Amino acid sequence: MKQILITLSLLLLFSGCSDKPITKLYKSATKEPITCLRLYITPANPEMERIMMDLYPFNSACPVVLEVKHKENICCNSNQNVVQKTCSPFPHHFLRLEVRRGFQRLYSYYIDLHAPADKDDLIKAFQQMQHDLSIKKSSK
């Protein structure tokens, strides 16, 4: 019995946060194809913008917006995460991509990170979004 409790405790401890992204494709995304994207990064980050501009030819006049949100050094004050925060490396950063047409959400991508979002994180997120939304690779 003691061994089972220890095993269950360890499983709970290491399953606190996943390295897998959470994605959501909204029904409105299937109504009409996405032929262009406008880029918006918050908070502004010139390095992230440079990386994203290398991935896709963004158009500032496009009605479909890709908003890239990132945050560093976040702190969760919830008591529900006490075990994970004290006993495992709790993520302190996140990356979120959200695609909207006007106020209508088409797609979202979210991942918790243990380090600030870097080039690999952005490329992986963009490629996942591109695949999920069937956005064709444009040549620059």
Side-chain angles (χ1 to χ4, degrees):
M1 182 66 167
K2 187 176 180 180
Q3 213 170 18
I4 292 172
L5 286 174
I6 291 172
T7 304
L8 285 174
S9 297
L10 287 173
L11 282 173
L12 284 173
L13 177 72
F14 292 112
S15 66
C17 288
S18 173
D19 290 339
K20 287 189 165 195
I22 299 168
T23 61
K24 177 157 176 128
L25 182 63
Y26 293 86
K27 287 182 184 179
S28 52
T30 59
K31 290 182 181 173
E32 54 186 280
I34 296 172
T35 57
C36 64
L37 290 169
R38 178 172 23 136
L39 180 63
Y40 181 70
I41 299 176
T42 181
N45 182 316
E47 179 64 18
M48 277 188 176
E49 185 174 351
R50 186 191 60 73
I51 293 166
M52 295 302 287
M53 295 303 257
D54 287 343
L55 294 173
Y56 188 83
F58 293 96
N59 177 350
S60 60
C62 184
V64 181
V65 176
L66 167 61
E67 184 174 7
V68 178
K69 296 179 183 179
H70 61 99
K71 185 112 180 178
E72 299 176 3
N73 301 319
I74 58 175
C75 179
C76 179
N77 295 323
S78 172
N79 291 334
Q80 296 173 347
N81 295 323
V82 164
V83 173
Q84 288 88 352
K85 287 182 356 184
T86 58
C87 300
S88 67
F90 198 74
H92 294 285
H93 314 275
F94 74 79
L95 175 65
R96 175 182 290 143
L97 273 63
E98 191 171 278
V99 179
R100 292 186 323 273
R101 184 178 284 119
F103 291 111
Q104 192 172 46
R105 282 189 191 153
L106 305 177
Y107 180 81
S108 67
Y109 172 104
Y110 177 90
I111 189 165
D112 286 317
L113 300 168
H114 295 286
D118 62 13
K119 182 178 181 176
D120 291 338
D121 296 319
L122 285 169
I123 291 171
K124 209 180 304 183
F126 186 81
Q127 288 175 342
Q128 180 71 49
M129 179 212 66
Q130 198 171 31
H131 175 266
D132 292 346
L133 289 171
S134 301
I135 297 173
K136 303 288 184 247
K137 255 189 176 173
S138 277
S139 59
K140 261 190 136 179

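Fair warning: this is a prediction, and the values are worked out from it, not measured in the lab.
- A tilted orientation is assigned to the rings of Tyr56 and Phe126, their planes being inclined by 30° to 60°.
- Shown here for Leu95 and Ala125, the closest heavy-atom pair between the two residues is CD2-CB, 4.0 Å.
- To the nearest 0.5 Å, atom CG of residue Asn59 and atom OG1 of residue Thr35 are 9.0 Å apart.
- Met52 approaches Val68 most closely through the heavy-atom pair CE-CG2, 4.2 Å.
- Nearest heavy-atom pair, Ser60 versus Arg38, reported as atom, atom and distance to 0.1 Å: O-CD, 3.3 Å.
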Residue pair Lys124, Gln128: steps toward the side chain to side chain contact (heavy atoms under 4.5 Å, CB included) verdict: CA-CA 6 Å; Lys124 209 180 304 183; Gln128 180 71 49; over 6 Å; no
Worked verdict on Leu106 versus Tyr26 for side chain to side chain contact (heavy atoms under 4.5 Å, CB included): CA-CA 5 Å; Leu106 305 177; Tyr26 293 86; 5.5 Å; no
Stepwise side chain to side chain contact (heavy atoms under 4.5 Å, CB included) check, Met129 with Thr23: CA-CA 8 Å; Met129 179 212 66; Thr23 61; over 6 Å; no
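- A salt bridge links Arg100 with Glu98: the closest approach of a Lys/Arg side-chain nitrogen to an acidic carboxylate oxygen falls below 4.0 angstrom.
- Annotation: the span from Arg96 atom CZ to Ile111 atom CD1 amounts to 12.5 Å, rounded to 0.5 Å.
- The main-chain N or O of Asp118 is found under 3.5 Å from a side-chain atom of Asp121 such that the two form a donor-acceptor pair.
- Connection of Tyr110 to Val65 is not established within any shared hydrophobic cluster, with ILVMFWY side chains joined at heavy-atom distances below 4.5 Å, either directly or through further cluster members.
- At a threshold of 4.5 Å between side-chain heavy atoms, the hydrophobic network of Ile, Leu, Val, Met, Phe, Trp and Tyr places Tyr40 and Ile34 in two separate groups.
- For the atom pair CD (Glu67) and CG (Leu39), the distance works out to 10.0 Å, reported to the nearest 0.5 Å.
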Worked check of side chain to side chain contact (heavy atoms under 4.5 Å, CB included) between Glu32 and Arg101: CA-CA 10 Å; Glu32 54 186 280; Arg101 184 178 284 119; 3.5 Å; yes
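- Scanning all heavy atoms of the two residues, the minimum distance from Cys36 to Val64 falls at O-CB, 3.6 Å.
- Note: Phe58 CZ to Leu66 CG = 5.0 Å, rounded to the nearest 0.5 Å.
- One distance of note links CD of Gln130 with CD of Gln127; it measures 7.0 Å at 0.5 Å rounding.
- Atom NE2 in His70 sits 11.5 Å away from atom CG in Leu113 (nearest 0.5 Å).
- Summarising the local packing, CZ of Arg105 is surrounded by 12 or fewer heavy atoms from other residues, nucleotides or ligands at distances under 6.0 Å.
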